[in-house]
4 protein chains.
Amino acid sequence: MTSPTIPGEIKRGRPRSEQVERAILRAAADILAERGLEAMTIEDVAARAGVGKTSIYRRWSTKGTLALDAFLLDFLQSQPLPDTGSLDGDLVAVLRAWVRTARETSMGRALTELVAQAQYDPDLAAAWRQRVVGPTRAQHRRVFERAISRGEIPTGSDVDVMMDLLFGPAYHRLLHGHAPLSDRFIRRVVAMVVAGAKAGAAVPTTSR
Amino acid sequence: MTSPTIPGEIKRGRPRSEQVERAILRAAADILAERGLEAMTIEDVAARAGVGKTSIYRRWSTKGTLALDAFLLDFLQSQPLPDTGSLDGDLVAVLRAWVRTARETSMGRALTELVAQAQYDPDLAAAWRQRVVGPTRAQHRRVFERAISRGEIPTGSDVDVMMDLLFGPAYHRLLHGHAPLSDRFIRRVVAMVVAGAKAGAAVPTTSR
Amino acid sequence: MTSPTIPGEIKRGRPRSEQVERAILRAAADILAERGLEAMTIEDVAARAGVGKTSIYRRWSTKGTLALDAFLLDFLQSQPLPDTGSLDGDLVAVLRAWVRTARETSMGRALTELVAQAQYDPDLAAAWRQRVVGPTRAQHRRVFERAISRGEIPTGSDVDVMMDLLFGPAYHRLLHGHAPLSDRFIRRVVAMVVAGAKAGAAVPTTSR
Amino acid sequence: MTSPTIPGEIKRGRPRSEQVERAILRAAADILAERGLEAMTIEDVAARAGVGKTSIYRRWSTKGTLALDAFLLDFLQSQPLPDTGSLDGDLVAVLRAWVRTARETSMGRALTELVAQAQYDPDLAAAWRQRVVGPTRAQHRRVFERAISRGEIPTGSDVDVMMDLLFGPAYHRLLHGHAPLSDRFIRRVVAMVVAGAKAGAAVPTTSR
DNA sequence: TCGTAACCGAGACGGTACGTCTGGTCTTTTT
DNA sequence: AAAAAGACCAGACGTACCGTCTCGGTTACGA
């Protein structure tokens with residue numbers, strides 16, 4: 001959001017309506033689900049929300065950041081932090097949840113389109129990193145750290161690289177569409193990551 | 001290209017000028033490098049190439065497929081098929097070449113933007129799979145198959161998944177920008193893939 | 001019209017459609033008659049004419065000049081060049097025709113609104129002088145010159161001032177609305193002008 | 001002004017600030033002189049006067065009536081009631097004063113633009129007639145009536161028509177710009193009006 | 001002296017139209 | 001028949017103001 005509310009600032013003039021904000025996000029989310037980001041038009045959103053275009057531009061500078069906020073209404077809470085007792089089980093659970101969201105909900109389309117849009121819009125890219133990638137990775141990091149503290153994988157394993165090995169292939173198939181996001185795919189990716197980790201391939205000290 | 005020239009067809013009228021085609025692709029490649037895909041406009045390309053818009057629409061149906069052709073002028077030959085004698089060495093060479101192209105040449109920007117555009121344009125997505133993903137993966141497949149025939153990794157390893165594990169993380173960092181495509185990153189990704197493969201994690205028969 | 005057609009120019013590309021031009025002028029004239037110049041919107045005109053906005057902007061730079069062309073479709077031919085045999089009779093006929101147009105036709109409203117608009121738009125003001133004031137005055141000048149050649153009024157009478165004395169009061173009442181454009185008013189204005197002219201008040205040599 | 005202050009009304013609440021009113025009129029007059037009526041915006045005036053838009057709308061219903069009040073700060077007192085002893089001399093003095101105001105002061109622009117605006121805004125038109133045309137004509141009427149009582153022109157002369165003959169041509173040239181408001185023009189118009197009047201052309205009883 | 005009603009500045013609100021830009025198509029003349 | 005040129009319809013863009021409204025706060029009266 002682009003709200004310029006500085007904490008210690010005196011508030012003057014009519015305050016921005018939260019109701020208007022909600023109406024805009026709802027309309028944006030609906031259009032996003034129905035017709036996708038490219039077909040989503042500020043004019044449409046305004047009309048659907050029963051709102052003037054200015055009320056949108058006042059809050060969001062690009063349609064990408066608006067779409068991001070609409071996307072985030074539901075996305076984050078759809079990504080669980082499992083605790084099955086084993087790294088293997090946790091990673092399968094995490095990846096399955098992501099794949100389900102990407103393939104079976106209206107957020108999937110928004111997900112790919114937002115990543116796409118972020119390639120053109122640096123503001124959106126920064127917001128995406130901060131508001132989606134950051135929180136998600138923080139959550140996944142805990143999964144790996146629990147495995148380390150359980151002794152499942154070596155201390156000093158490069159968690160960042162392992163997270164990229166987990167989600168990179170999934171995004172890869174989602175964005176390129178060259179192969180399916182099957183459950184077998186999920187299981188094999190996890191198996192590879194866990195095997196590599198247990199072998200200590202992600203521990204820098206060993207020769208690298 | 002979307003050229004509708006059917007091989008056994010009798011050609012009538014003025015034949016299409018190859019010079020026009022080259023001028024269009026050159027103009028498109030230049031604009032792509034200078035200002036990116038989003039700012040690239042059919043009108044711009046036509047003006048820059050000194051060509052009518054019709055001459056472009058006659059050959060390409062969308063700006064995505066035009067950009068793809070401009071991109072492919074140089075891309076494929078920048079991706080080598082190394083033969084260092086070890087899987088580890090080959091994979092590092094392959095990934096380094098890709099990262100160099102993505103980060104240090106004007107093709108890098110086009111690469112991300114084409115992937116982005118393919119999320120909206122099914123024609124481009126299909127062309128991308130067929131003309132970029134297909135050839136590239138065919139080449140990488142040989143690397144893994146050589147390793148199998150050398151006995152480095154088990155027979156029956158799931159090469160498709162291994163390729164996704166190799167390039168997925170790289171695309172992931174390129175597209176999200178949350179972490180750098182450093183050489184250390186490359187080495188660790190390769191180490192993990194090789195370790196996982198040697199451990200037989202990509203061989204389906206084992207329990208999975 | 002703002003058509004940039006230079007006579008000796010080579011014409012390239014698709015020529016402008018006369019049909020489009022007619023449709024635009026017709027739509028503009030209709031809206032002008034129904035709702036006036038201020039309520040006339042380029043968007044409305046385009047929609048009513050079934051034409052893109054660009055096709056209007058390509059031809060006219062401001063809505064004033066467009067309205068002027070729409071107005072001129074009919075105006076000039078509504079202003080007669082009478083020949084009753086006396087200056088008095090001719091002037092009454094001229095003024096009556098103008099008053100009828102101003103008060104009883106849809107052009108009346110356009111007339112006042114165009115004069116109004118010309119106060120803000122220098123292009124329109126210039127066009128108005130050249131395309132309305134010029135031709136009209138040329139016609140009226142003939143009336144006075146015939147009176148001079150008949151010997152009704154002195155040679156050397158200042159025709160320009162006399163024309164202003166004839167039409168000035170009429171525009172005055174039309175624009176300010178402080179008194180009616182009655183037939184009695186017309187007759188008295190003409191009587192005053194003719195009396196003054198016969199008295200030689202418009203001949204500069206006499207003392208002035 | 002559109003102040004709804006009914007005399008016998010009980011006044012409750014905070015009274016309107018005269019200082020606010022002055023600030024608004026000053027800002028309006030300045031903008032009017034600098035950029036004209038069309039460019040004058042309620043938002044601009046409010047910003048310049050350091051005042052909320054509501055404080056303007058509370059006092060004036062349209063920008064035309066606001067501009068009229070700003071115009072009237074100075075206009076009326078710039079129009080003198082001369083007494084040279086002859087009709088000819090008085091009329092020349094009156095007309096010269098008007099022409100000077102129209103051509104050499106910042107009120108000139110406002111004058112034409114207000115007449116223009118009044119063509120669209122009936123409230124402004126009514127106010128213009130009542131607050132500008134009325135007082136001005138009342139003053140000029142005295143000039144003619146003095147000439148009648150001196151015996152310069154016949155009793156029963158149609159003063160209204162004569163005033164239109166005097167100012168009509170002047171407004172005509174000002175608004176259409178087809179000819180200059182020169183001093184020679186002023187003298188000839190006055191000469192014609194006086195000659196016509198003396199010849200009794202404005203006396204209805206004679207045949208008309 | 002205290003309430004209350006109308007004022008005040010600020011700025012958000014739903015709208016409308018602006019003039020520009022681009023998309024993809026169509027219509028000319030020229031090659 | 002293909003080419004360059006450029007007109008065509010369509011419609012979104014982001015901006016500017018409109019006239020209204022809602023805030024927090026001020027001012028002066030009259031109960």
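So you know, we letter chains A, B, ... as the sequences are listed, proteins then strands, and number each from 1. Please read all numbers here as calculations on a predicted model, not as lab measurements.
- For residues 31-41 of chain B, the salt bridge (Lys or Arg N to Asp or Glu O under 4.0 Å) pairs, not counting sequence neighbours, are Glu34(B)-Arg48(B), Arg35(B)-Asp44(B).
- Among residues two or more places apart in sequence or in another chain, the salt bridge (charged side-chain N to carboxylate O under 4.0 Å, His left out) test is passed with Lys53(C) by Glu43(C).
- Following rounding to the nearest Å, Glu38(C) (CD) and dA17(E) (C1') show an atom-to-atom distance of 13 Å.
- When the P atom of dA12(E) is taken as reference, atom CD1 of Ile24(A) falls 13 Å away, rounded to whole Å.
- With sequence neighbours left out, the salt bridge (charged side-chain N to carboxylate O under 4.0 Å, His left out) criterion links Arg129(C) to no other residue.
- Each end of the helix from dT1(E)-dA31(F) to dT31(E)-dA1(F) gets its own rotation axis from five pairs of C1' atoms, and the angle between them is 10° to the nearest 10 degrees.
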| note | Per-nt protein contacts along nucleotides 8-15 of chain F (heavy atom under 4.0 Å; B base, S backbone sugar-phosphate only, - none) come out as BSB-BBBB
Just distance, no hydrogens or angles: give the donor-acceptor pairs under 3.5 Å from side chains in residues 110-117 of chain C, sequence neighbours left out.
| residue | atom | partner | partner atom | Å |
| --- | --- | --- | --- | --- |
| Thr112(C) | OG1 | Arg109(C) | O | 3.0 |
| Glu113(C) | OE1 | Leu37(C) | N | 2.7 |
| Gln117(C) | OE1 | Tyr120(D) | OH | 3.1 |

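- Protein atom CG of Leu37(D) is 15 Å distant from nucleotide atom C1' of dC17(F), rounded to whole Å.
- Not counting sequence neighbours, Arg22(D) has no partner by the side-chain hydrogen bond (donor to acceptor under 3.5 Å, both in side chains) test.
- Rounded to whole angstrom, the span from the CZ atom of Arg12(D) across to the P atom of dA5(E) amounts to 6 Å.
- A straight line from CZ of Arg48(D) to P of dC17(F) spans 14 Å, rounded to a whole angstrom.
- Atom CD1 of Ile56(D) is separated from atom P of dA10(E) by 12 Å (rounded to the nearest Å).
- When each of Gly13(D) and Gly13(C) is assigned the nucleotide of DNA chain E with its nearest heavy atom, Gly13(D) is the one assigned upstream, toward the 5' end.
- Counting only residues at least two apart or in different chains, salt bridge (Lys or Arg N to Asp or Glu O under 4.0 Å) contacts with residues 115-128 of chain C are absent.
- Residues Phe71(C) and Met107(C) approach most closely at CE1-O, 3.6 Å, considering heavy atoms.
- Scanning for salt bridge (charged side-chain N to carboxylate O under 4.0 Å, His left out) contacts around Arg14(D) gives an empty result, with sequence neighbours left out.
- Counting only distance, with no hydrogens or angles, the side chain of Lys63(D) and the backbone of Met40(D) share a donor-acceptor pair below 3.5 Å.
- Taking atom CG on Leu66(D) and atom P on dG19(F), their separation rounds to 12 Å, with Å as the unit.
- For the pair Gln19(B) CD and dT31(E) P, the computed distance is 15 Å after rounding to whole Å.
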